[in-house]
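One-based numbering, in listed order, for ligands and for the atoms of each.
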Amino acid sequence: MKNGMLALSMTAVMNMATAADVPDNFLWGAASAAYQVEGATNKDGKGRSVWDYYLDEKHLAGPGISGSVAINFYDRDQYLKDIQLFKELGLNSYRFSIAWTRIIPDGQGPVNLRAVAHYRQFITDLKAAGIKPLVTLYHWDMPESLSAAGGWENRESVEWFQRYAEVIFANFSDQVDQFVLINEPTVEVATKIMAEKRLKGEELTLPPIVPAGPYLETSLKSYNHILLASAAAAESFKAKGYKGRLGIALPFFPVLTTENASDKDKADARLVDGILNRWFLDAMYKGSYPADVLKLAADRHLNIDVQPGDAERIHDAGLGFLGINYYAPFFIRHQKNASEVYSPEIIFPKNEKLAFNGAVRPDQFSALLERVRDEYGNPPVIITENGAGFEGEDQLTNGKVNDVNRCLYLVDHIHAMRESIARGANVQGYHVWSSHDNLEWLSGYKSRFGMIYVDYDTQKRTPKLSAEIYGKIIRGENISDVDCKSD
Ligand code: GCO
């Protein structure tokens, strides 16, 4: 074999993303969230969530854009067809969320049995197709009245959520043995800040996902309450002796600086890592909040409502798995001429390939998984979200959608995950965000993330190239980058 050919075949081997080398009973899945897919926002006695308010009433994503129809996933005729597509794809796991406002329409009052029956039927239908449910209790859709009472900024949210979680466990734990309690605290808080700004007619260019300045206090306070709410739910689960395991889905952002970063850039990057990543991991696995972030809050006299015993309580709740949502790293630098010591800003280096949620960096996915292995005792991990969308990519032409960039993204990230598993990371499942194109919050329907294309006018579904290739990976075929080609 000529040297060149050897190099070529080595590359193909290196980039192979097969289903081999994953633990037994590995979950190969896809994910979605209630408000992004269900529609039927007035059906079966549903109450209003803050997203009904933001989009249906206040049109924050633009005129006529809301979750009132979405991809019609609440409808059984429709979702049965979707489950059939999942089955054809080979999924053995599906992550979806239950809407709090369907189960307890006003957030705190009586339980709505029609909604309980709906989700019980959905779970029965999934399981009949051989697909295991991974059920998220809360994916951003805070009941409107509770949001008006301060939402996660109010310490009472811990009890609000605990009661809701108790209702879910009582009604579903005979059918479901793995629950994700809360989804993506940091991104939810940032999105809410952005929505509230829009309500006032102001616009932020980016959601304040890297909290600084006026947003730091609100963010840290909410993160603490969200972690406490998860701990409280886990205490109830344990006290009742339910069988199964609980987790929380956290979006992690490896924090990078660019070449020639200054000491100030590096110091800000370290704090951003403290706020977005270590804040959660340290509390859960070490029983303390990171000292550098607490000092920053103290120096600024912020009221973040961290009380003695909070972090220990979060640690002692002992969640059974860590849900990781990974999309992209952040590149951080210190803002020019900033008066505050900690004044980070996100930058998008020109040499990076960019998806909607940031730079495409599978190497950082591996680095994250191995950091959790090395610094946090290698807990069981389920990848609860990983995926991408690219400007202008999802075009339906002659009945096909050749989403080559999404396909490459998935192949390369699954490969990176598999390498980390081979190096000992305790990863037990992987879920693509998302099964279908759906409502991307304040961005409306423009940004597509699905493996299944949705025509929003007709609700017709078309599995994309990425779905076909993901199915092959699940079936154990040797897939590499070269398989992601349009035909
Ligand atoms: C989440 C995510 C999803 C998004 C996805 C694509 O909170 O889990 O924000 O809801 O749709 O991350 O941006």
Contact between Glu188 and ligand 1, counting heavy atoms under 4.0 Å?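 Checking ligand 1 against Glu188, which is what was asked, there is no heavy-atom contact under 4.0 Å.
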If you have a sec, work out which protein heavy atom is nearest [atom] and how many Å separate them, to one decimal?
atom: atom 8 (O) of ligand 1; answer: Glu385 OE2, 2.4 Å
atom: atom 11 (O) of ligand 1; answer: Glu440 OE1, 2.6 Å
atom: atom 9 (O) of ligand 1; answer: Glu184 OE1, 3.3 Å

Indicate whether the side chain of Asp455 and that of Gln459 have a donor and an acceptor atom separated by less than 3.5 Å.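 No donor-acceptor contact under 3.5 Å links the two side chains.
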Have Ser66 and Asp56 got a donor and an acceptor in their side chains that come within less than 3.5 Å?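 Result is yes, a qualifying pair exists.
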Quick check: do [X] and [Y] have side-chain heavy atoms less than 4.5 Å from each other?
X: Arg448; Y: Glu440; answer: no
X: Leu199; Y: Tyr53; answer: yes
X: Leu322; Y: Ile382; answer: no

Have a look at Trp441, Tyr326, Phe449, Tyr327 and point out the one with the heavy atom closest to atom 5 (C) of ligand 1.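 Looking at heavy atoms only, the winner is Tyr327.
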For ligand 1, is there an N or O atom under 3.5 Å from any N or O atom of Arg95?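 No.
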Any N/O of Asn357 closer than 3.5 Å to an N/O of ligand 1?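 Yes, since at least one N or O of Asn357 sits under 3.5 Å from an N or O of ligand 1.
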Any side-chain to backbone donor/acceptor pair from Tyr409 onto Gly389? Under 3.5 Å, distance only.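 Absent.
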For Asn325, take its heavy atoms, then give the atoms of ligand 1 lying under 4.0 Å from any of them.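 Per the distance check, 8 (O).
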Within the 4.0 Å heavy-atom shell around Asn183, which atoms of ligand 1 are there?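 The list of qualifying atoms is 1 (C), 7 (O), 8 (O).
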Does this structure show an ion pair linking Arg278 with Glu375, if we count only N-O contacts that are shorter than 4.0 Å?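 A salt bridge is absent here (no side-chain N lies under 4.0 Å from a carboxylate O).
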